[in-house]
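Encoded as structure tokens, the structure appears first; notes follow it.
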Amino acid sequence: MAGHIIVVGLGFGDEGKGAVVDALCHESPVVSVVRFNGGAQAAHNVVVGDRHHTFSQFGSGTLSGVPTHLSRHVLVEPIALARESEELAALGVADPLRLLSIDADSLLTTPIHVAANRAREDARGRARHGSCGKGIGETVWYSLLAERGANPGDTVESQQVLGVPGAPVVVGDCARPSVLRGKLDALVRFYEPLIGAGMSVDDLVALYRDFAGAVRVTTGDEVGRLADRGRLVFEGAQGVLLDQWRGFHPHTTWSTVTPDNALGLFGGREATVIGVTRTYQTRHGAGPFPTEDQSVLARFPERHNGAGEYQGAWRAGHLDAVLLRYAVAACGGVDALAVTHLDVDGLSVATSYDAPLPESGLTEFLANRTPELVDMPDPVAWLQEHLGVPVVVAGAGPDRAAYAVRAPVLH
Amino acid sequence: MGHGKWDDNAYAAARTFRAAKGVDDFGYTSVLRGRASSEWKADPALDPKGVVARECRDSADHADSTPIAVLFDVTGSMGTVPQIMQGKLGRLHGLLQRKGYLADPQLMFGGIGDADSDRVPLQVGQFESDNRMDEQLRTIFLEGNGGGQKSESYELAAYFVARHVVTDAWQKRGRKGYLFLIGDELNKPRLEAKHIRRIIGDDVRQDIDPASVYRELERKWHVYFVLPKQSSYYDDPEIADHWRGLLGQHFLKLDDPGAVCELIAATIGMEERVVDLDQAMVDLAEIGSAAESVSVGKALVHAGGKAVAASSTPPLLDGPDDVTLS
């Protein structure tokens, strides 16, 4: 496939975006994979022969030697990043941190955000939101406080502001210890009522300075500079059905999952949007799931997706064309599809529910639906016909060898 | 709030970041690593393709030049060797000259990879005797692919030195140069003609037996293979047998990879018969490499050098009085 590509998940995550990005990077030269949303909570599996890695902050083109750029929309967690770098080095990737560039404006997720995130989920008990427990939401929320001029006692995004917020910590601060120290001090003070004291700001300042020395921190239009050198693949994290605006509250992520960020970074350049779906539906943790079916779950146990402590159980059901169309519309349409998990048969697809999709109140609506199921003997043909776009990547197993990239069929 | 776990993780992360920083000294590698592997190539100054000959010539200032070529495996764990060398280059050159081992040493550096799988399997610089040595070293691309078949294309590098290096030392004085190959694996079973054509550019049509390359090379060069203790191959008998079969006692095992420069200096001093092993170790201690000299001693004593005292302090002189001489 020629030209720039934006890969987005059309489900609740776990669609197979990692394997699709790997296949695209392996198929023809790519200058860089660009992440445009989410953070360390991404878990994109790539399997190449006996090598397997779950990509989190590194792009899924890494095993093909393709560098990663973390754009300003990405939340960066350096401690997890170092661990991932060591894992990749153990798989034979030489000097993985060299493959990384990070925008100076990216928000930094610190152990303080993570501890706060977990403290909140623990307090919610059984009413957990299905968070990954990696501090993503907390990082975004804290950054909103200064932006909105929040004061102690205010409620921002339905969470009470307990102390005086400071400016958010960004990657560019890591090379400026005095700025960084000031922001971290404010952060620790702010969260003390929730998580207590004990986090050493000195240690964090030293750590983040080492981090800034080991990766390339960029300013300005790095995405444009990379695009001038050749083809880019934008790797979306999570699925559109978890999008902060278009997902089903409160079971959403604090991140724009649709291609909007990628298109914004690209400033008018042409790109092909590829929506990724499995041949059946899955989701992690709580939230609406009209086509959930225990028999589907029993048929497709997951090799690389267990139940996270904070994330909740792994769930499965039939492919839901109602939600698929909803996701495509949320993306403003897609140019093509990538379909994964084609190595199964006897599949069904939900073509409609017992009631039409309303304009609002989706979460409650979806919680009480009976789907209309039909057989789907040939998922590729069915999806091409009913969504009206070509399937350009087909995956029939976890390994790269099971992936085929085809030129789009022109209509 | 269980910060202890985060403290451990933060400590590990800091170590990872600091280790990555070490490569920063190798600017060319840093730039290339930031790009897709399909864009990787040798710096033009180090690309062997189409090179007629690398020359080591005498000059007005350096009338008695001796070529020293140091070509190291830049794959996997061996990638740290150039970093070590870079830190000690000045010392090596200074020791060779000040202690009178060689009048005009000229150094050339190069990198060796795997012609079957690497983007940049061979890099060779120029012979230099000043700051340009350092620059050349920094320009070597540390491709660093790990794993594989326990072999690298050392014989391709040997072929280049045998056929594409000309020296005044040999042509005017009939004196051999020094070639140090630093690595931890085997030669490829054959030097493939297609690799020679693609990487060096010679129109060779038949594969070559690596042993014959080394025989040709040894006519004009003192050839050493140094195996630093960097990987499990250090104690692998197959590696030792392979290189001893080719180079005999010029196969050197070095238990401290940090002592590569010192080993090169001592080896040359001894080959030139300026010093014996004991004196070489004294010289090393004098330039601040006392610790390294112990490993150098071990490497060279196993290779057949003179026995070396286990301790640098002399044995007690006031022994027992009641010894009866018979």
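Each chain gets a letter, A, B and so on, in the order its sequence line appears, and its residues count up from 1.
Interface remark: A:Val93 contributes no atoms to any contact with chain B (heavy atom separation under 4.5 Å). Only the backbone of A:Ser64 comes within less than 4.5 Å of a heavy atom of chain B; no side-chain atom from C-beta onward does. Using a 4.5 Å cut-off between heavy atoms, A:Leu207 contacts chain B through both its backbone and its side chain. The part of A:Ser85 that comes within reach of chain B is its side chain, from C-beta onward, which places non-hydrogen atoms under 4.5 angstrom from that chain.
Note that the OG1 atom of B:Thr16 and the CG atom of A:Leu97 stand 7.5 Å from one another [nearest 0.5 Å].
The minimum heavy-atom distance between A:Ala214 and B:Phe17, with the atom names listed, is CB-O, 3.4 Å. Closest approach of A:Ile79 and B:Ala13 over heavy atoms only: CA-CB, 3.9 Å.
Residues meeting the side chain to side chain contact (heavy atoms under 4.5 Å, CB included) test with B:Asp255, sequence neighbours left out: B:Lys229, B:Tyr234, B:Ser295, B:Lys298.
The choice from A:His69, A:Arg229, A:Glu86 that makes the most heavy-atom pairs within less than 4.5 Å of chain B is A:Arg229.
More than 12 heavy atoms of other residues, nucleotides or ligands sit less than 6.0 Å from atom NE2 of B:His164. More than 12 non-hydrogen atoms from other residues, nucleotides or ligands lie less than 6.0 angstrom from NZ of B:Lys49. For A:Arg400, the CZ atom counts as densely surrounded, since its 6.0 Å shell holds more than 12 non-hydrogen atoms of other residues, nucleotides or ligands.
The salt bridge (Lys or Arg N to Asp or Glu O under 4.0 Å) contacts involving residues 213-222 of chain A comprise A:Arg216-A:Glu222, A:Glu222-A:Arg225, where partners must be two or more places apart or lie in separate chains.
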